[in-house]
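Below is one structure, written out as structure tokens; the observations come after it.
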2 protein chains.
Amino acid sequence: MTLINAAGGEKGRGVKGRGVKGGGVKRGGERRGRPPATTPRELELIALRLFAEKGFDATTVEELAAAANVTSRTFFRKFTTKADVLWQGFDDEVAELREALASVSEDIDWFPAIRQAILSVNHYTAADLPELRTRMHLISTVPALQASAALRYDAWERTISDFVAHRTGLETNEMLPLVVGRTTLAACRGAYDVWSAQTVGELATYLEQALDLIESGFAELTG
Amino acid sequence: MTLINAAGGEKGRGVKGRGVKGGGVKRGGERRGRPPATTPRELELIALRLFAEKGFDATTVEELAAAANVTSRTFFRKFTTKADVLWQGFDDEVAELREALASVSEDIDWFPAIRQAILSVNHYTAADLPELRTRMHLISTVPALQASAALRYDAWERTISDFVAHRTGLETNEMLPLVVGRTTLAACRGAYDVWSAQTVGELATYLEQALDLIESGFAELTG
DNA sequence: TTGATTAATGTCACATTGTGACGATATTGT
DNA sequence: ACAATATCGTCACAATGTGACATTAATCAA
């Protein structure tokens, strides 16, 4: 789990979006309609570059789209807002986390289960680091992006809260599930921040450290 | 600390009227220039009413301003964004928290000090409850407001992180201060959520409960 | 009363974000 | 060639937010 999605390769034009109507007959090589002129991923990379060069606010969507040879209207068909372009795939990660939590053995206590799920979903490569850092820097310095982060984090927190609620028999919006969901995210974000500022070290190590911290009531590292 | 400011006194510059607009003592030699046509507080109350009635997005700033007999330009002179109108005074609360932390005896350990500071800054009256709930509901349901919350919370978190850094000799953006700042906010928000959903109970009680939770590594209430 | 000073407002023009409607274009299937 | 379909582009538009400049309403000094 990177919290700030590393996004894989995906340069090809994947087949997606099965229509609502017409049922789901799958046949080989059927790809109807005009092909997309660009991919969300390409727009993301362009955005990353332009935002880093000129700044988020100084980069208009029109410029961004033009760099991908599309119009701004096309951009807004793929992304609801300008900020959304940097949050590609985050929803997928949340879904991954939810699945990971669901597949942890019931024998394992709920907090260790959360720890295990978070660590299992955490996959990234060293090659992703520069991009991650660029995104990270933007998200932590541009107000509009910080704001957009809140919406994504909410979904992540709720995933944890739902799991805790399920395991403890409480409601999602009772004190314990709420607090655990939010503090767990808080810890992971802290780990992520520290890790991404370093030049070495495994994210997983920092995550464990942060989770130890909250599990022990900040007993660790308190020297 | 309410996290979602209850908007206390007027803080008007010398104007001490009881109304929202401030009463009219017209004599007395102070304050030059054209007097404000409205107050931030009045705009906030109007916004609260209109947002609740019509929804945040469906309410234009122009309507909002018109209800206070000013133009939208005046609104945007008092508030940077449309969402800001609901965050009156939050910055003041953060400042209060910072002062409270600074004035806690050095003999008290840093986590108890945080607890004490948070509780000491927490002041609200039963009369504020309806307004707090309306604001709360808006902030937790309208994406634009959720997003704006992130920016406010950041300042709050940093206040805690700075204090922990100061007390431990670490840097603000090292793991422990970061995680403590964020988890403390997470806990207080959880307490606030639960409290504002109830019809009875003291916020302070919930705050203590939530802080116990993180201090003990979720040992409390884990039955 | 008159005029200078001051602070806030109003007006106007404008860039940008984001959306709805509709027609144009490119690809696959018959 | 022709139909079906998915995406694109163009256009019109509402709303947020900002900069520049004029206007208004108050105090202070004469």
Side-chain angles (χ1 to χ4, degrees), chain A residues 12-40 42-43 47 50-51 54-66 68-86 142-145 147-148 151, chain B residues 12-15 21-22 24-40 42-43 47 50-51 54-66 68-86 142-145 147-148 151:
Chain A
R13 311 181 159 177
V15 179
K16 62 177 186 179
R18 51 192 178 282
V20 179
K21 35 185 163 180
V25 182
K26 281 180 102 177
R27 307 178 67 175
E30 91 281 11
R31 171 88 176 78
R32 309 187 35 137
R34 178 174 177 170
T38 184
T39 61
E42 186 192 13
L43 287 172
L50 293 183
F51 292 167
K54 307 179 43 178
F56 179 84
D57 292 321
T59 304
T60 67
V61 172
E62 201 151 0
E63 290 171 326
L64 209 165
N69 294 315
V70 294
T71 63
S72 58
R73 191 66 184 83
T74 294
F75 178 93
F76 283 119
R77 283 207 186 89
K78 296 183 187 303
F79 302 104
T80 306
T81 69
K82 180 179 171 185
D84 276 5
V85 74
L86 295 189
V142 179
L145 291 173
S148 72
L151 304 179
Chain B
R13 341 164 149 135
V15 181
K21 277 191 165 175
V25 178
K26 295 197 172 178
R27 62 192 188 82
E30 72 210 60
R31 200 182 50 194
R32 302 165 54 118
R34 180 174 178 170
T38 185
T39 61
E42 187 193 14
L43 288 171
L50 293 182
F51 293 168
K54 309 180 41 178
F56 180 83
D57 293 320
T59 304
T60 67
V61 172
E62 202 151 358
E63 291 172 325
L64 209 164
N69 295 315
V70 294
T71 62
S72 58
R73 191 65 184 85
T74 294
F75 178 93
F76 283 119
R77 282 207 186 87
K78 296 183 187 302
F79 302 103
T80 307
T81 69
K82 180 180 172 184
D84 276 5
V85 74
L86 295 189
V142 179
L145 291 173
S148 71
L151 304 179

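Reminder, nothing fancy here: chain letters follow the sequence lines and each chain counts from 1.
- Partners of A:T81 by side chain to side chain donor-acceptor pair (under 3.5 Å), not counting sequence neighbours, listed by chain and number: A:D84.
- Side-chain contact between B:F75 and B:L43 is present, with heavy atoms from C-beta onward closer than 4.5 Å.
- Distances shown here put every side-chain N or O of A:T60 at or beyond 4.0 Å from the OP1 or OP2 atom of C:dT16.
- Rounded to an integer number of Å, the gap from A:L43 CG to D:dC8 P is 9 Å.
- For the side-chain contact (heavy atoms from CB on, under 4.5 Å) test, residues two or more places apart in sequence or in another chain that qualify with A:A144 are A:F56, A:V142.
- Which of D:dT27, C:dG18, D:dT16 sits closest to the side chain of B:R32 comes down to D:dT27.
- Here B:S72 lies out of heavy-atom contact (under 4.0 Å) with every strand.
- To the nearest angstrom, P of D:dA15 lies 15 Å from CZ of B:F75.
- Rounded to a whole Å, the NZ atom of A:K78 is 7 Å from the P atom of D:dT7.
- Contact between the side-chain N/O atoms of A:T74 and the OP1/OP2 oxygens of D:dG9 is found at a separation under 4.0 Å.
- Put simply, CZ on A:F76 is 14 Å from C1' on D:dA14, counting in whole angstrom units.
- Contact detail for B:A68 and B:T38: the closest heavy-atom pair is CB-OG1, 4.1 Å.
- Between the P atom of C:dT25 and the CG atom of A:N69 lies a distance of 17 Å, rounded to the nearest Å.
- Between A:E62 atom CD and C:dC14 atom C1' the separation is 15 Å, expressed in whole Å.
- Residue B:L86 holds its CG atom at 7.5 Å from OG of B:S148, rounded to the nearest 0.5 Å.
- As judged by a 4.0 angstrom heavy-atom cut-off over every strand, B:D57 is placed among residues making no nucleic acid contact.
- The stretch residues 54-63 of chain B participates, sequence neighbours left out, in these salt bridge (Lys or Arg N to Asp or Glu O under 4.0 Å) pairs: B:K54-B:E63.
- Contact annotation: the side chain of B:V85 approaches that of B:F51 to within less than 4.5 Å [non-hydrogen atoms, C-beta and beyond].
- Remark: A:R77 pairs with A:R73, A:T74 by the side-chain contact (heavy atoms from CB on, under 4.5 Å) rule, at least two apart or across chains.
- Rounded to 10 degrees, the angle separating the terminal axes of the helix from C:dT1-D:dA30 to C:dT30-D:dA1 is 10°, with each axis obtained from five end pairs.
- The distance from atom NZ of B:K82 to atom C1' of C:dT17 is 13 Å, rounded to the nearest whole Å.
- Checked against ring pair (Phe, Tyr, Trp, His ring centres under 6.0 Å), B:F76 has no partners two or more places apart in sequence or in another chain.
- If you measure from atom CZ of A:F79 to atom P of C:dT17, you get 15 Å, rounded to the nearest angstrom.
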(message) So if I define the base as every atom that isn't primed, P, OP1 or OP2, how would nucleotides 20-25 of chain D read as a B/S/- string at a heavy-atom cutoff under 4.0 Å?
(response) B---BB
